[in-house]
Amino acid sequence: VVHGGNTQQAIERYGLDDVLDFSANIHWTTPPGMQDAVERGIKAMRHYPEPDSRRLTQRLADSLGLESNQICVGNGSIELIYALMRSLGECKALVVSPTFGEYRRAVEVCGGVVCNYWLESGNWELNITELQAAMAGVDLVFLCNPNNPTGGLLTREELIPILEQAGNALVVVDEAFIDYVESAGQVYSVIELISRFPNLLVLRSFTKFFAIPGLRLGYAAGAAGMIERIRNGQDPWSVNCIAQSVGMLLVEQQTSAYCDQVRQQVREEREALQAALMNECSLTARGTANFLLIDITTTGETSAGIAEKLAMQGILVRDCASFGISGQIRVAVRRQQENSKLVRALAALLQNGRR
């Protein structure tokens, strides 16, 4: 599985002093109070961390209106995906693709079989009726919402028929980027449906929105029995003292003015970046979270070629061939000045290519 954000590898490979990283979808600021939370965690390091992150789990449950036995905290949501698959063992999984590659790998590492439901190329939209038919005979379904890398987004009301049709199949909805799309006017998260649908498991990540990829922190929410199975598949003390301390802060921050500010900033910068890519590069980009999928099929360039040429200039983007789709690159939404640098580099690259 290929991941973005490997900045040190790029620095060494291209002989750079630094890079501008658009390959990982991380916000550019952390919330207030982060330093104090880290220091509290450091002070606690002479003790073992709580093996089940008990206090953080309870605080999450209280904030979500769930019971503590319906929440499991992990070393990033990836740890929880693998713990889930270890608990399920050999099974048949349907993965809505193109999407995050760790779903497939976790299933296959644990002896399972993966079949894909591929989104329609070009508009990357999900046909709910077709997906419902594809779910027949599978043990679980992986669905990322908003989807990475296509940016496709389903509302809660659109997801309910999928959950109803799933029967005994477990539906795993990965909401790693959901914080970017929450709004007063529309509901996207299905986490409040946990009690209604015992076959629903929701994955959440603190990494993207709160800019802590190096700390590793996420959680799963679902029926108590399934959460217990995931906990039994985790390594002991998988969430360290600092991550637990920071998590306590971030649960409080989820409804703060900071989060509203981040959503507004990202929305404004995303729309501005989309417009600049069209106006200056004649490139179509789509997205609903903090990243854009850019179609380069009309440029005469390959996604690998563009990624390589930009990397030589110290700008990292994601070649989406690693997701199984060609002619596409994915870029994170960053600050205006950084986004402008990306657009200028792309425009010059494409102009030179045409020449």
Side-chain angles (χ1 to χ4, degrees), residues 3 30-31 33-89 91 100 102-103 105-107 109-112 140 142 170 172-176 178-179 191 194-195 198 200-254:
H3 294 289
T30 54
M34 182 68 77
Q35 187 62 41
D36 290 340
V38 169
E39 290 176 0
R40 287 193 294 271
I42 291 174
K43 289 178 181 178
M45 281 197 306
R46 64 189 184 93
H47 304 290
Y48 281 105
E50 289 185 311
D52 56 358
S53 302
R54 180 183 55 83
R55 288 178 298 164
L56 175 55
T57 298
Q58 187 61 60
R59 185 165 294 187
L60 274 166
D62 292 342
S63 71
L64 296 168
L66 299 173
E67 299 297 326
S68 60
N69 63 0
Q70 295 175 300
I71 299 285
C72 179
V73 178
N75 187 265
S77 56
I78 286 182
E79 185 211 3
L80 301 172
I81 294 170
Y82 280 83
L84 167 68
M85 295 316 306
R86 283 193 292 271
S87 76
L88 296 178
C91 63
F100 187 47
E102 293 292 352
Y103 309 144
R105 183 174 185 273
V107 173
V109 162
C110 296
L140 77 156
F142 279 103
L170 176 68
V172 181
V173 181
D174 187 347
E175 296 185 344
I178 203 75
D179 289 310
I191 206 163
I194 291 296
S195 299
L200 170 63
L201 184 74
V202 178
L203 299 173
R204 287 283 190 90
S205 171
F206 288 105
T207 295
K208 315 295 192 294
F209 193 81
F210 293 108
I212 56 166
L215 198 56
R216 314 302 308 136
L217 187 62
Y219 63 94
M226 181 56 63
I227 292 300
E228 182 64 21
R229 293 179 66 172
I230 294 174
R231 284 178 177 166
N232 290 337
Q234 289 184 277
D235 294 331
W237 302 295
S238 65
V239 183
N240 65 60
C241 297
I242 299 175
Q244 289 184 18
S245 178
V246 169
M248 298 283 279
L249 166 72
L250 299 185
V251 174
E252 296 174 355
Q253 286 285 352
Q254 284 183 321

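Computation of the quantities below employed the complete heavy-atom set of this structure, encompassing side-chain atoms and omitting hydrogens, waters and symmetry-equivalent molecules.
- Contact check for Phe206 versus Val251: side-chain heavy atoms found under the 4.5 Å cut-off.
- Cys72 has its side chain within reach of Leu80: a pair of non-hydrogen atoms, C-beta onward, lies under 4.5 Å apart.
- Residues Val246 and Val38 form a side-chain contact, since some pair of their non-hydrogen atoms from C-beta on lies under 4.5 Å apart.
- Taking Ser195 as the reference, Gln70 meet the side chain to side chain contact (heavy atoms under 4.5 Å, CB included) condition, with sequence neighbours excluded.
- Separating the CG atom in Leu66 from the CD atom in Gln58 is a distance of 10.5 Å, to the nearest 0.5 Å.
- Relative ring orientation between His3 and Phe100 is described as tilted, the plane-to-plane angle lying within the 30° to 60° band.
- Counting heavy-atom neighbours within 6.0 Å of Glu39 CD, excluding the residue itself, gives a total above 12.
- A 4.5 Å side-chain heavy-atom check between Met45 and Ile242 finds at least one atom pair inside the cut-off.
- In this structure, OG on Ser53 lies 13.0 Å from CZ on Arg59, to the nearest 0.5 angstrom.
- Residues Val202 and Ile178 form no side-chain contact, since every pair of their non-hydrogen atoms from C-beta on lies 4.5 Å or further apart.
- Going from atom CG of Leu170 over to atom CG of Leu140 covers 5.5 Å, rounded to the nearest 0.5 Å.
- Atoms CD and CG, on Gln234 and Asn75 in that order, are 9.0 Å from each other to the nearest 0.5 Å.
- Looking at heavy atoms from C-beta onward, Arg54 lies out of side-chain contact with Thr57 at the 4.5 angstrom threshold.
- When side chains are defined from C-beta on, Met85 counts as touching Cys91, because their heavy atoms get closer than 4.5 Å.
- Leu60 is not listed as a side-chain neighbour of Arg204, based on a closest heavy-atom distance of 4.5 Å or more.
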